[in-house]
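Heads up: the structure comes next, in C-alpha cells.
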Protein chains: 2
Amino acid sequence: MKKKRPSLKDIADALNISTTTVSFVLNGKGEEKKISKELIAKVEAHLKEINYKPNLVARSLRTGSTRVLVFMVEDISNSHFSKVGRIIEDISYKNDYRVLFCSTENDVKRTQDLIHLFHERQVDGFIIVPPPGIEKEISYLLENEVPVVLFDRKIPDLEADYVIINNFEGAKQSTQHLIDSGYKNIAFITIDLDQIQMHDREAGYIAALEESGFSPNILKIPYDTSNIPSSREKIKKFIEKNKDIDAIFFATNYLSQSGLKCIHQIDAKLINKLGIISFDDSNFFEMYSPTVSAFAQPVDEMANQLMKIMLSKLKNKEQGVPSKVVLDGTLVTRESSLKK
Amino acid sequence: MKKKRPSLKDIADALNISTTTVSFVLNGKGEEKKISKELIAKVEAHLKEINYKPNLVARSLRTGSTRVLVFMVEDISNSHFSKVGRIIEDISYKNDYRVLFCSTENDVKRTQDLIHLFHERQVDGFIIVPPPGIEKEISYLLENEVPVVLFDRKIPDLEADYVIINNFEGAKQSTQHLIDSGYKNIAFITIDLDQIQMHDREAGYIAALEESGFSPNILKIPYDTSNIPSSREKIKKFIEKNKDIDAIFFATNYLSQSGLKCIHQIDAKLINKLGIISFDDSNFFEMYSPTVSAFAQPVDEMANQLMKIMLSKLKNKEQGVPSKVVLDGTLVTRESSLKK
DNA sequence: TTTGATTTTTTAAACGTATAAAATACAATA
DNA sequence: TATTGTATTTTATACGTTTAAAAAATCAAA
C-alpha cells in the first residue's frame with residue numbers, strides 16, 4: 001500500500017475543481033486571476049490540511065527554472081570561501097533562490113563532473129572559482145547561455161563575468177608592509193600552480209622587493225590536498241636551510257597555517273623572531289599567538305558584487321558585455337608582522 | 001536567437017526515426033530492445049556529434065528518481081564527517097548515485113529547510129546526523145517512504161535505521177585509559193545539548209571514574225557555532241579555577257581543538273603536564289605537539305554500513321524492521337595521554 | 001502468395017506542473 | 001429579449017523523458 005504523494009490533480013478532484021484553479025491559488029495568483037474569495041479560502045484550507053508540497057521537479061520541467069544556484073569553490077571549509085558563501089546564501093534566499101555548495105579541490109576532472117551534474121539538472125546559475133584547465137566547460141556553459149560568474153580568479157582570454165581582487169597590489173602592499181616594519185630578508189611561500197592570481201601575487205612580492213633593492217627568495221609547493229605532510233616537510237626544510245630569513249609572506253591562508261605549524265615544530269620561540277603575513281585572512285589568525293597579519297579580501301563586497309551580477313543575468317537572459325570587477329583588499333596588521 | 005538545447009525529439013526528427021529508438025540507444029538498451037546494429041551506430045554517432053546531454057529534470061519526472069542522495073551533517077568541514085562523506089560519495093558513484101553535502105549546523109530550522117528543499121526536489125535518500133528537535137521532519141520523510149538513515153546519533157522512540165557507535169563504552173574506555181596512565185583528577189568538557197550520544201559519553205566517563213573511586217568534574221559549554229570566543233572563555237576560566245585537574249577528556253574533536261588553544265594561552269608549558277584525550281579523531285591531532293590521543297570512530301565501517309543500508313532501501317522500497325547498527329570505536333593512544 | 005514467426009520500429013500515454021486560450025456564468029444594458 | 005460586458009472557471013497543451021503496447025517490416029515455411 002504505497003502512499004502516493006498528492007498532486008494538483010488529486011486536490012482538484014477532491015474539491016471538484018480544475019487543476020488550473022488550484023495552481024493559481026497555490027502560487028498566490030488567486031486574486032490576480034480573479035478566483036472568488038471563497039474558493040481561494042477553500043483551496044488554501046485544503047492545501048494546508050493535507051500539508052501539500054508541490055513536486056518541484058515537475059515545476060522545473062514546466063518552467064525551465066529550478067531556482068537553484070551553485071557555488072563551487074576550491075574548498076568550502078576554507079573560511080575565506082565559506083564566509084563569501086554564507087552571504088551569497090543569504091542574498092539568494094531573499095530572492096527566492098537556493099544555493100548548493102561544493103568543493104572542486106582544484107581538480108579539473110571533479111569540477112567537470114560537478115558542472116555537468118548540475119547543468120543537466122538545470123540549475124539556474126553558477127558561481128565558480130575556476131581550477132586551471134576548466135576553460136572548455138565554462139565556455140560550454142556560456143554558449144548554452146547559463147549564467148556564470150567567476151570569482152577569486154579569472155580565465156585569461158575568456159569573455160566571462162568575474163569578481164576578483166587586485167592580487168598584484170595586495171601582494172605588493174603586504175610585502176611593503178614587512179619592509180616598512182624593518183624586515184630585510186623576506187621569503188615568499190606559494191603554491192606551484194599555473195593560475196593567474198598566484199602569478200600576480202608573486203609579481204607583487206617581487207615588485208615591492210625590487211623597489212627597495214632586496215632580492216626575492218621563493219618556495220613553491222605543489223598543490224596537493226591529499227599530501228599535506230609532504231608540503232610541510234618542504235616548508236620545514238626551506239626554513240631550516242635559509243637561516244637568514246627574517247620574515248615570510250605566505251601566498252594563501254592554508255599555506256600560512258601549515259607554515260605556522262612548521263615554525264612551531266622547528267623551534268617554539270622562532271615565531272617571535274619571524275615577521276609573518278598571509279594572503280587571505282582566516283578566523284584562525286586572530287586566535288593564534290601571536291595574532292597573524294593578513295591581506296584580507298573584502299568578503300562582503302565580493303559576495304554582494306557576485307550576486308548583483310548573477311541576479312541581473314538571471315533576470316535579463318540577454319546579456320551585454322561581461323562585468324569585470326576588480327576589488328581592493330585591505331591589509332589587516334596584527335602582531336606577527338611587527339618588528340620585535 | 002536563443003539556442004534551445006536539443007531534445008530527444010530533435011534528434012529523432014533529424015534522423016527521421018522515433019524518440020523511442022533514440023531513448024533506447026541513449027540508455028544502452030539498444031541490443032536488448034533489438035535495435036539494428038547500423039541504427040544503433042548511427043544514433044550513437046549523432047549523439048556524440050551534437051554532444052547531447054539529456055534533461056535530467058524530465059527524466060526524473062518520468063522515472064520518479066533523481067539518483068541523488070543527500071548527506072546532512074552537523075558540519076561538513078569537520079574532518080570526522082568529511083571523511084565519512086568522502087567514502088559515501090565513492091560508493092554512491094559506483095552505484096550511479098550522486099551525493100549532495102550540506103551542514104545543518106545543528107540548527108533545527110535550517111535542517112527543516114534543507115530537508116524540505118531536497119524532498120520537494122525528489123532526492124532519492126537522506127543520510128542525516130539529526131539535530132535535536134528534528135523528529136517531526138524525519139517522521140514525515142519516513143511516512144512518505146523516503147529512505148532515511150540516521151548516523152552518529154539515533155532518535156529515541158523513532159523506528160528509523162541508524163548507524164552509531166557505542167558512545168558509553170567509548171567514553172568509559174577513554175576515561176579508563178587516563179586512569180591507567182596514572183591521572184587522578186580527570187575533568188570532562190562537553191557540549192550542553194540534549195542529545196543522547198552526549199549523555200552516553202558523559203555516563204561512560206562517570207562510570208569509569210566511579211569504578212575507581214574518583215569523582216567527576218564536568219564543564220558543559222553551550223553549542224553555538226557563532227560564538228566560539230565565548231566558549232573558549234568558559235574553558236579557560238574552568239581550567240584556571242580548577243588547578244588540581246591533571247587530565248581532560250573532551251567530548252568532541254572541535255572542543256578539543258578549542259581546549260588546546262586555551263591551554264596554550266594559559267601557559268605554553270601547561271600542555272606537558274595535562275593528560276588529554278578527545279572523543280572523535282582529527283587530522284589535527286597527529287600534527288599537534290604533543291600528538292593528541294583520541295577515541296576514533298570506525299570511519300570506513302560506518303560509511304560502508306550506512307551505504308549498505310541505504311542501497312538496500314533504495315532497491316526494495318518495501319522495508320522490514322529498521323537496521324540498528326552499533327559499532328565499536330578504537331582508542332588511538334598518542335603522546336598527550338601518557339603520564340609525564 | 002499466404003500464414004506465422006520473428007525482428008525491428010513506432011504510437012501513445014504518462015510523470016506533475018503552469019498557463020494561454022476558450023468556455024461558462026452572471027449581471028447590466030439596450 | 002437579446003446583447004454585451006465582466007467575473008470566474010475550465011479545457012487543452014506543453015515541458016522532455018521513458019516504456020508498454022501496437023504496428024510494421026522481414027523472412028521462412030507451407
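First the proteins, then the strands, lettered A, B, ... as listed; each starts at 1.
Remark: C1' of D/dA7 and CD of A/Glu38 are 12 Å apart, rounded to the nearest angstrom. In this structure, CG of A/Leu39 is placed 8 Å from C1' of D/dT9, rounded to the nearest angstrom. Across the protein-nucleic acid pair, A/Asp13 atom CG and D/dT10 atom C1' stand 13 Å apart, rounded to whole Å. Atom CG of A/Asn16 is separated from atom P of D/dT9 by 13 Å (rounded to the nearest Å). Here D/dT9 presents its C1' atom at 17 Å from CD of A/Glu31, a figure rounded to the nearest Å. As a whole-Å value, the separation of B/Ile40 CD1 from C/dT9 C1' is 12 Å.
Below 30°, between 30° and 60°, or above 60°: for A/Phe151 and A/Phe81 the angle between ring planes is above 60°, a perpendicular geometry.
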- Letter by letter from the 5' end, nucleotides 15-28 of chain C scores (B base, S sugar-phosphate only, - none; protein heavy atoms under 4.0 Å) BBBBBB--------
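Using a cut-off of 4.0 Å between Lys/Arg side-chain N and Asp/Glu carboxylate O, B/Glu32 and B/Lys29 are scored as not salt-bridged.
Proximity of the aromatic rings of A/His119 and A/Phe126 is defined here by a centroid distance below 6.0 angstrom, and this criterion is not met.
B/Thr104 and B/Asn106 share no donor-acceptor pair across their side chains, judged by distance under 3.5 Å alone.
For A/Asp90, the salt bridge (Lys or Arg N to Asp or Glu O under 4.0 Å) criterion is met by no residue, not counting sequence neighbours. Residues forming a salt bridge (Lys or Arg N to Asp or Glu O under 4.0 Å) with A/Glu137 (at least two apart in sequence, or on another chain): none.
Contact between the side-chain N/O atoms of A/Ser36 and the OP1/OP2 oxygens of D/dT9 is found at a separation under 4.0 Å.
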